[in-house]
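Position 1 is the first residue of the sequence, and the numbers go up from there. In this text the structure is predicted, and so the values were computed from the model without any measurement.
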Amino acid sequence: WNDPQLLRKCIESGSFVNHQDHSGHTALHASAEEIWEPFLYTMSDGWGLRFEMFQCAEELLHHGADPFLGDACRCACSTTGCAPVNILLKEYRKLWGNEFRCLPRSQYFLVLEWLDLIRKVNGLEDAKQCLLDIIRLVRFEELGLTHTCCRNPSSEWKGLWTTLDEDEVDEILDEEK
C-alpha cells in the first residue's frame, strides 16, 4: 500500500485512479491519510513511510487523480465533500473532538508539501485552489461552526466521529448558513 512502483504497475494495468469507495474516498484520500498517520505513532520508519506516500500521491496525480474530488461528506467546511488536502488537517482534529485547537507545526509542513506537490504536478492554479480549500476549513474551525462530516461509526476512531443522522445534518447546515 505504500509502494510507488507497485502503484504505478497497477495504474498501468488499468486501475482507475479516481475510483471512489462507499464513502467517496479515492486512492489520493488514502495517501493523504497515510501521510498523516505516522504523527500518531512513534515509528522508526515514519519519515520513510511519509516520503513513500508522497511518492504514491505524486504517481496518482501524474496519472490523472483529481485532487479536488470530494468524498461523501456533507459539511459546510468544504464545498464538495472532503478533498484529500482536507484530510491532512482534519485527521488531527479527530483526535481532539470538535474542539478547535492549534495544529502542530509539523502538520502545516505536511500541508505545504502537499501544496507544492499539487503545484509541481498540476500547476499553480490548482495549488491556489487547494490553498483556498485549506483557508475555508481553518476559518470554519476558527468560527466554531459544527462539523457534520466525519460520520463513520464503523471507524476505528468510533468515539471521535459524529453520529448525526441526515435530518440533524440538514438542520445544522440550515442554521449555520
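- Remark: side-chain polar atoms of Asn18 are paired, donor with acceptor, to backbone N or O of Gly64 under 3.5 angstrom.
- Hydrophobic clustering (side-chain heavy atoms under 4.5 Å, transitive across Ile, Leu, Val, Met, Phe, Trp, Tyr) groups Ile135 together with Trp114.
- By the side chain to side chain donor-acceptor pair (under 3.5 Å) test, Arg119 pairs with Asp116, sequence neighbours left out.
- Taking the charged nitrogens against the carboxylate oxygens, Lys128 and Glu125 do have a contact shorter than 4.0 Å, which makes a salt bridge.
- Side chains of Ser23 and Asp71 form no contact here, defined as non-hydrogen atoms less than 4.5 Å apart.
- Between Thr26 and Val17, the closest side-chain pair of non-hydrogen atoms is not below 4.5 Å.
- Contact check for His62 versus Arg8: no side-chain heavy atoms found under the 4.5 Å cut-off.
- Between atom CG of residue Leu132 and atom CZ of residue Arg139 there is a gap of 14.5 Å, rounded to the nearest 0.5 Å.
- Here the CD atom belonging to Gln55 is positioned 12.0 Å from the CG atom belonging to Leu60, to the nearest 0.5 angstrom.
- You'll find the side chain of Cys130 reaches within 4.5 Å of the side chain of Phe68, heavy atoms only.
- Judged by distance alone, with hydrogens and angles left aside, the side-chain atoms of His29 form a donor-acceptor pair with the main-chain N or O of Cys82 at under 3.5 Å.
- For the atom pair His25 NE2 and Ser31 OG, the distance stands at 12.5 Å (nearest 0.5 Å).
- One distance of note links CG of Leu110 with CE of Met53; it measures 12.5 Å at 0.5 Å rounding.
- At distances below 3.5 Å, not a single donor-acceptor pair connects side-chain atoms of Glu59 with backbone N or O atoms of Leu6.
- Between atom CD1 of residue Ile134 and atom CG of residue Leu112 there is a gap of 8.0 Å, rounded to the nearest 0.5 Å.
- Connection of Leu117 to Leu69 is not established within any shared hydrophobic cluster, with ILVMFWY side chains joined at heavy-atom distances below 4.5 Å, either directly or through further cluster members.
- Side-chain atoms of Pro67 and Leu28, non-hydrogen and from C-beta on, do get closer than 4.5 Å to each other.
- Separation of atoms SG (Cys56) and CD (Gln5) is listed at 9.0 Å; rounding is to 0.5 Å.
- Of the residues Val85, Asn86, Leu88, the one that meets the side chain to side chain contact (heavy atoms under 4.5 Å, CB included) test with Leu137 is Asn86.
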